[in-house]
2 protein chains.
Amino acid sequence: MDSINIKKLAEALNLSTSTISRAFRDNSDINASTKELILSKAKELNYQPNHYASNLREQKSKTIAVIVPELANNYFSQAIHGIERVARENGYHILIYVTDDDYSKEVNFIRHLHNGRADGIIMSVSGEANDHNYLNKFGARQLPLVFFDRIYEDIETPRVVTNDYNSSFLATEHLIEQGSKRIAYLVVNKSLSIGKTRMQGYIDALEKYKLPFDENLIVDCSNSYEENSVIIKSALTELKPDGVFTSVERLAFATYYACYDLNISIPRDLKIISFSSLEIAPLLNPSLTTITQPATEIGTEAAKMLFDILSSDGDKKRPKELVLQSKIIMRNSTSNSPQKP
Amino acid sequence: MDSINIKKLAEALNLSTSTISRAFRDNSDINASTKELILSKAKELNYQPNHYASNLREQKSKTIAVIVPELANNYFSQAIHGIERVARENGYHILIYVTDDDYSKEVNFIRHLHNGRADGIIMSVSGEANDHNYLNKFGARQLPLVFFDRIYEDIETPRVVTNDYNSSFLATEHLIEQGSKRIAYLVVNKSLSIGKTRMQGYIDALEKYKLPFDENLIVDCSNSYEENSVIIKSALTELKPDGVFTSVERLAFATYYACYDLNISIPRDLKIISFSSLEIAPLLNPSLTTITQPATEIGTEAAKMLFDILSSDGDKKRPKELVLQSKIIMRNSTSNSPQKP
DNA sequence: TTGTAAGCGTTATCAA
DNA sequence: TTGATAACGCTTACAA
């Protein structure tokens, strides 16, 4: 291997390796002109301090890991974008891991990350009703962890969430005000905290308006597009809801497709509202009423929270919770007098 | 730091560090029962070989870097998803870098990555008419690089692209066949190879049908949503095109919004076709005719190509080019007799 | 202000 | 089959 390293650079300049090293660090004492000389020569030879050697020596990686259930979801790509920006501003890099909503992958990622590869983790969990106590089992090597959006409630760690209960309540209320009486709630994972919280808002809103709660109207969907198509179509034909509230955007899309196929008119026969960060919700046919989460901001705040912990030397590691507000944006999919755009 | 390392594990088991190390590597000779003993104790103590120490020793990082212009684009999130899967199958991790179409960030990322942090790079370039010779300037430390989709033609490196010229030609032809006579071409970066290739298909199709080429109908857009809104509205009102071909999906969305505002009816007054990997193109109002690139597959293939290079020990580093086929999917935005869904 | 040298946690070589 | 040891490239006391 004929690549450049600190020794060769030192030889080329007739200096010691420590002096070279100092030129690349901000704190150390070094003659300004020597530093300049070194940096220019370094640039010429394309020298960069080896990341792994530095990290081994310093015992930190300047890297954070981001674990998300999926990538093909506007919410997560926006959140990652926010995280990436904050990370870069702090001189950190980000590793991305996608669990595809598979719990075992999540466990593996987390376990693996405890080998020093990352200084901290930002995660939206993949859930299922599994044992997530594994997160507590890393003893002294415990990595700072920040949850965002999808969390495990029994794990005490800082988190950034949105006011899901309230949003769900308002969303359901909105459907009721628009005249819906049989409102189906479509969810991917009932047992996941986010599913439960959102569902409770739905249930309480029904109660407020004295609408009967029908267990069957809670439709548990899957992660497969094809399966969902079948599930939703049969729900629409058999249960005959006049309103649908979906907990993730892809279920709203699936419902649109199902309605197209079944010749159900939105919003006349069926009103739809969904959690979604889709920027082109106004362009759908009909435009989709959404509960829009501040996705980028959630990412930004989660990253800031992690950097807070990292810079406090593990001192005040008290769990913090930040709750951001989602917005309901009413559009034609829940309107009684839809406007042409 | 009281964290576990190979030495402590060795002490705990009354073995040498070399034996421990061997238990974690596949090649070395080691007694099966010793190995088992070590691995179980390791699990108990949550020991994992330190990634940075291994990498320093082995001179490789088992990490690849992915550089993309943006994340809030279905094409790139799908491509990354493909890359991530292949990487994981190969035991590699991925670092994500977003340039926001900023050339200087791209240069910085690449320069930085030459510190051993990654074993290879997969990149879709951010372009602009800049000097990209910097990519050749890393001498012995040159990292394997694979381009996908947006490339620099003058850099000789393996690449995965789609048949953009042909797709553009067919897209333009399709608009013409549907009756468009004044077709605007909306592009973000004329000078980028992908912009040029796609534009040439447009120009040649016009020629085939003896339609006049009007320079003004090439509309150079920006990366700002607000700016584009202004640019597109003035283009629509002043140039009065009856067809629009957009080179990236967000320009199609911007055109939809502009048409809504200006009361231009799609497809009656204006037909639209766009490059896009949007899975819900059929749900738009009207459903959007797209040239759909096999995004996930492009990512998968780019990753495979990189791993080919990595496993061949830099031997046969001859530039390869893989061309995948996009599909034109006709929908209502270019139809003369739009169907209700 | 600069140089010397030890050590970060691992793995490969060699010897036992 | 296992153990001792040097080396990977860097940073930081400490010495000069």
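All values derive from a computational prediction rather than experimental measurement. In what follows, chains carry the letters A, B, and so on, assigned in the order in which the sequence lines appear, proteins first and then strands, with residues in each chain numbered from 1.
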- Euclidean distance, atom CD1 of residue A/Ile6 to atom P of C/dA5 [Å, nearest integer]: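 In whole Å, C/dA5 P lies 16 Å from A/Ile6 CD1.
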- Task: Find the distance B/Gln59:CD to C/dA12:P and express it as a whole number of Å.
- Result: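 Atom CD in B/Gln59 sits about 12 Å away from atom P in C/dA12.
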- Phosphate OP1/OP2 of D/dT2: any B/Thr34 side-chain N/O under 4.0 Å: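 Yes, within the criterion.
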- Message: Working note: A/Thr19 + A/Ser16, criterion side-chain hydrogen bond (donor to acceptor under 3.5 Å, both in side chains); need CA distance, chi angles, decisive distance, verdict.
- Response: CA-CA 5 Å; A/Thr19 310; A/Ser16 77; 3.1 Å; yes
- Query: Does CD in A/Glu36 sit with more than 12 non-hydrogen atoms of other residues, nucleotides or ligands closer than 6.0 Å?
  - Reply: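 12 or below, so no.
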- Excluding sequence neighbours, so at least two apart, what forms ring pair (Phe, Tyr, Trp, His ring centres under 6.0 Å) with A/Tyr52?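 For A/Tyr52 the ring pair (Phe, Tyr, Trp, His ring centres under 6.0 Å) partners, ignoring immediate neighbours, are B/His51, B/Tyr52.
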- From CA spacing to verdict: side-chain contact (heavy atoms from CB on, under 4.5 Å), B/Glu89, B/Phe307: CA-CA 11 Å; B/Glu89 285 165 9; B/Phe307 285 118; over 6 Å; no
- Residue mapping more 5' on DNA chain D - nearest nucleotide basis, B/Ala53 or B/Asn14: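 In this pair, the answer is B/Asn14.
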- Task: For the pair B/Tyr97 and B/Phe109, name the ring-plane relationship: parallel under 30°, tilted 30 to 60°, perpendicular over 60°.
- Result: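 Because their plane-to-plane angle lies in the 30° to 60° range, the rings of B/Tyr97 and B/Phe109 count as tilted.
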- List the steps, then state whether side-chain hydrogen bond (donor to acceptor under 3.5 Å, both in side chains) holds for B/Gln293 with B/Thr162. CA-CA 7 Å; B/Gln293 298 171 277; B/Thr162 44; 3.0 Å; yes
- Message: Under 4.0 Å, counting only non-hydrogen atoms across every strand here, what does B/Leu15 touch: a base, just sugar-phosphate, or nothing?
- Response: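 Counting heavy atoms under 4.0 Å across all strands, the contact made by B/Leu15 is with sugar-phosphate only.
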- Message: Regarding B/Ser18, tell me which of base, sugar-phosphate or nothing describes its non-hydrogen contacts under 4.0 Å with the strands shown.
- Response: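 The answer is base, as B/Ser18 lies within the cut-off (heavy atoms under 4.0 Å) of a base atom.
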- Query: Hey, what bend do you get for the helix from C/dT1-D/dA16 to C/dA16-D/dT1 if you fit axes on five pairs at each end, rounded to 10°?
  - Reply: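 Comparing the first five pairs with the last five, the axes sit 40° apart.
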- Task: Between A/Lys35 and B/Tyr52, just flag the one whose closest nucleotide in DNA chain C comes earlier from the 5' side.
- Result: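 On the 5' side of the pair lies A/Lys35.
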- Would you kindly check whether a donor in the side chain of B/Arg22 faces an acceptor in the base of D/dG3, or vice versa, at under 3.5 angstrom?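 Donor-acceptor pair under 3.5 Å: yes.
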